[in-house]
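All remarks here apply to the structure that follows.
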Amino acid sequence: MSSLTTDVLIVGAGPTGLLLAGDLAARGVAVTVLERRGQESNLTRAFAVHARTLEQLDARGLADQLVATGQRLGELRVFGDVSIDLSRLPSRFPFLLVTPQYETEQLLEDRAKALGVDLVTGAEVVGLRQDADGVEVDVRGADGSTRVRRASYLVGADGVQSTVRRALGLPFPGHSAVQSVMLADVRLAEPPRDVLTVNGVRDGFAFIAPFGDGWYRVIAWDRRRQLPDDAPVDLDEIRVIARQALGTDFGMHDARWLSRFHSDERQAPRYRVGRVFLAGDAAHVHSPAGGQGMNIGLQDAANLGWKLAAAVTGHAPDGLLDTYHAERHPVGRMVLRTSGGLLRLAQLRPWLLRAFRNLVAGRVTRIGPAARRMAGVISGIGIRYAAPRGAHPLVGTRAPDVALAGDGAARLYEALRSGRFVLVARQAASIDAQVDVVTPAEPTTTMLVRPDGYVAWATDDPQATPDRAALAGWLRA
Ligand SMILES: Cc1cc2nc3c(=O)[nH]c(=O)nc-3n(C[C@H](O)[C@H](O)[C@H](O)COP(=O)(O)OP(=O)(O)OC[C@H]3O[C@@H](n4cnc5c(N)ncnc54)[C@H](O)[C@@H]3O)c2cc1C
C-alpha cells in the first residue's frame with residue numbers, strides 16, 4: 001500500500017463532485033476526484049436545469065455554453081393543466097433548461113480538468129478513517145489493488161448509495177416515495193410538439209423528454225403493475241400507460257435501454273462529520289418530480305466550495321465550515337417536501353380529489369404571490385439562508401444580477417467569476433484584500449455578496465461600508 005496526499009479528496013465524479021472540484025481548483029486548492037467508474041459516462045437521469053443553477057454556472061462563465069445545448073421552457077407542466085410559470089422569474093434565465101445530464105457533466109468535467117483537477121477513474125473508495133489532521137481512504141483500483149490516499153478534507157459526492165456516508169456511520173432516514181417506475185430511451189415516429197410532455201391519470205403517469213439527438217427518455221409508472229427493480233421492462237408496458245396518460249405513445253420504437261427503479265425520500269441528519277462532508281445525492285434524495293435533485297446537488301457544491309477553499313488556505317473564520325450544514329440541510333429538507341408533494345398530487349386517485357387538485361393547484365400555480373413562491377422554490381431563485389436577527393432583509397437572499405458601471409464586468413454575476421467576495425457600492429472603497437469592489441450602474445442597495453452569489457451584508461445607507469463585525473462571520477481578517 002502506498003500513500004498519496006492532497007488538500008481535498010472528492011469521492012464521486014457526478015455533477016456535484018465535478019462542480020466542487022473545479023471550484024476548489026480555481027482557488028488554488030489541490031484536489032483529487034476518485035471515481036469508481038472507468039471511462040464510461042454516467043447514466044443520464046436529470047433533464048432539468050433550473051434558473052438558480054444557471055445563475056451559479058453564469059458566475060463561472062459556463063451558463064451560456066450549457067444553454068446552447070438544450071431547449072428553454074417558460075412553464076413547467078406538473079400534470080394535466082397544472083403548470084408553474086417560470087417566465088416571470090427575476091433572473092437572466094427565466095426558464096427551465098431541458099438538456100441531458102451528460103451535457104452538464106461534460107462541461108463541468110472539462111472545466112475541472114482545465115483547472116488542474118486530478119480525476120482518477122476506476123478508483124473505488126472502500127474504507128475511510130479520520131483523525132485530528134486529516135482523512136484517509138482506502139481506494140481499490142481497477143486491477144484490484146488497494147492504496148491509501150490522504151487529504152486535509154474529504155467530500156462524499158458519491159451518490160445515493162454513498163460509501164462515505166456509510167463509513168461515517170450516518171443513517172439515511174426516510175421512506176420509499178414511488179416503486180416500479182419504468183425508464184426507456186426510445187425513438188418516436190411522431191415526436192410531441194412540446195419540449196416536455198407529462199401527464200398523470202387514474203392508473204399512472206408518463207413523461208417524455210428529448211435528448212436532442214433524436215432519442216427520447218420516457219418515464220412511466222403504472223399503478224396496477226408494481227414490480228421489483230430487477231423485473232424486466234417491456235416497451236409495450238410503457239406504450240400502454242403512455243396512451244392512457246398522454247393520449248398517444250408517439251410511435252415509440254427501438255428502445256436502446258429499458259430499466260425499472262424506485263425512488264426514495266431520504267436525508268442524512270448531518271452534512272459534516274469532522275473533516276468529512278456530504279453533498280448531492282449522498283446527502284439527500286427525493287423523487288424526480290420537479291426535476292430538482294441535480295440542481296440541489298450543484299448548489300450544495302457552490303455553497304461548500306468557497307468555504308472549504310477558505311479553510312484550506314487559512315482564510316476561514318471559526319465556524320465557517322459549519323455554515324455548510326446549517327444552510328444546506330434546511331434546503332434539502334424543503335426540496336424533499338416539495339418534490340414529495342408534487343409526486344403525491346400526481347398520484348391522487350379518486351376522480352373527486354383529482355378534480356380538486358386540478359382546480360386548486362391550477363389556481364395556486366398561476367395566480368399571485370403563491371404562484372411566485374412556487375416558481376421561486378422550484379427554480380431555486382427563492383432559496384434564502386438564515387440571517388442574523390436585525391439584519392437587512394436582503395441578507396441571506398440570492399443577490400440580483402445588477403448592471404455595473406465602469407470598464408470591468410458588466411453584471412454582478414460576471415464580477416463573481418473572480419470567485420471572491422464582491423462589494424456592490426456607490427461609494428467604491430476597498431474594505432479588505434479578499435473583496436472586489438464594483439459600482440452599480442443604477443442606485444441600489446449597498447451589498448456585500450458572497451462568492452456563491454448570496455448577500456452577506458447590506459445597507460440602504462449609500463455612505464456605509466461593511467465594518468469588521470459584519471465581515472467577521474465570513475472572512476478572517
Ligand atoms: C429518473 C430520474 C430523473 C431525474 N431527473 C432529474 C432532473 O430532471 N433534474 C434534476 O436536477 N435531477 C434529476 N434527477 C436526480 C439527479 O440525477 C441526481 O440528483 C444527480 O445525478 C446527483 O448527482 P451527484 O453528483 O450528487 O450523484 P451521482 O450523479 O449519483 O454521482 C455519484 C458518482 O459517485 C460515484 N461513486 C459511487 N460510489 C463510489 C465509491 N465508493 N468510490 C468512488 N466513486 C463512487 C458514482 O460512480 C457516480 O459517478 C433524476 C433522477 C432520476 C432517478
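Each ligand, and each atom within it, is numbered from 1 in the order the structure gives. Counting from 1, the numbers follow the sequence of the chain as shown.
Shown in contact with G159 at under 4.0 Å from a heavy atom are these atoms of ligand 1, numbered in order with element: 27 (O), 30 (O), 32 (C). Every atom of ligand 1 with a heavy atom of Q292 under 4.0 Å away is listed here by number and element: 9 (N), 10 (C), 11 (O). Of all atoms in ligand 1, numbered sequentially from 1 with element shown, those under 4.0 Å from a heavy atom of L34 are 43 (C), 44 (N).
Atom 36 (N) of ligand 1 has its closest protein heavy atom at D158 CB, 3.9 Å. Nearest protein heavy-atom neighbour of atom 17 (O) of ligand 1: Q101 OE1, 3.0 Å. For atom 34 (O) of ligand 1, the closest heavy atom belonging to the protein is G12 CA, 3.2 Å. With hydrogens left out, the protein atom closest to atom 4 (C) of ligand 1 is R45 O, 3.3 Å, a heavy atom. Looking from atom 18 (C) of ligand 1 to the surrounding protein, the closest heavy atom is D281 OD2, 3.4 Å. When only non-hydrogen protein atoms are considered, atom 35 (C) of ligand 1 lies nearest to E35 OE1, 3.3 Å. Nearest to atom 6 (C) of ligand 1 among the protein's heavy atoms is A46 CA, 3.2 Å. The protein heavy atom nearest to atom 24 (P) of ligand 1 is T16 OG1, 3.4 Å.
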Let me see the working for Q179 and R260 under side chain to side chain donor-acceptor pair (under 3.5 Å), right down to the final yes or no. CA-CA 9 Å; Q179 301 282 344; R260 199 183 294 273; over 6 Å; no
Could you walk me through whether F250 and Y216 pass the ring pair (Phe, Tyr, Trp, His ring centres under 6.0 Å) check? CA-CA 11 Å; F250 299 101; Y216 288 80; 8.5 Å; no
Steps toward side-chain contact (heavy atoms from CB on, under 4.5 Å) verdict (L304, D300): CA-CA 6 Å; L304 181 57; D300 288 346; over 6 Å; no
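With a 4.0 Å heavy-atom cut-off, ligand 1 is reached by no atom of S263. If you look at T163 next to ligand 1, the close heavy atoms, those under 4.0 Å, all belong to the side chain. Contacts between A123 and ligand 1, counted as non-hydrogen atom pairs separated by less than 4.0 Å, involve the backbone only. Looking at V11 against ligand 1, only its side chain comes within 4.0 Å, counting heavy atoms.
At least one side-chain heavy atom of Y153 sits less than 4.5 Å from a side-chain heavy atom of L308. Contact annotation: the side chain of S379 never approaches that of L96 to less than 4.5 Å [non-hydrogen atoms, C-beta and beyond].
Looking only at distances, no side-chain donor or acceptor of D264 sits under 3.5 Å from a matching main-chain atom of R266. Counting only distance, with no hydrogens or angles, the side chain of R165 and the backbone of G156 share no donor-acceptor pair below 3.5 Å. A donor-acceptor pair is defined here as one N or O able to donate and one able to accept, closer than 3.5 Å; no such pair exists between the side chain of R337 and the backbone of R333.
Cation-pi geometry between R328 and Y271 is not met at under 6.0 angstrom from the ring centre and within 45 degrees of the axis. Both the sub-6.0 Å distance and the 45° axial angle are not jointly satisfied by R92 relative to the ring of Y413. Seen from the ring of F211, R256 counts as a face-on cation partner, given the 6.0 Å and 45° thresholds.
Here's the thing with F261: none of its N/O atoms is less than 3.5 angstrom from an N/O atom of ligand 1. At a 3.5 angstrom cut-off on N or O pairs, E105 does not count as close to ligand 1. In terms of polar-atom proximity, E124 is not counted as a contact of ligand 1, lacking any N or O under 3.5 Å from an N or O of the ligand. Of the polar atoms of A48, at least one N or O is found under 3.5 Å from an N or O of ligand 1, judged by distance alone. Of the polar atoms of A13, none of the N or O atoms is found under 3.5 Å from an N or O of ligand 1, judged by distance alone. Residue F47 places at least one N or O, backbone or side chain, under 3.5 Å from an N or O of ligand 1.
Aromatic ring orientation, H286 versus H284: parallel (interplanar angle below 30°, classes split at 30° and 60°).
Checked for salt-bridge contact, R129 and D138 meet the test: a charged N lies under 4.0 Å from a carboxylate O.
Atom 10 (C) of ligand 1 has its nearest heavy-atom neighbour, among R166, M294, Q161, in M294. Residue nearest to atom 2 (C) of ligand 1, selected from G291, A167, P288: P288 (by heavy-atom distance).
The one candidate from Y454, Y324, W474 that meets the ring-ring contact (aromatic ring centres under 6.0 Å, His included) condition with Y385 is Y454.
Put simply, no part of G297 is less than 4.0 Å from ligand 1, judged by heavy atoms.
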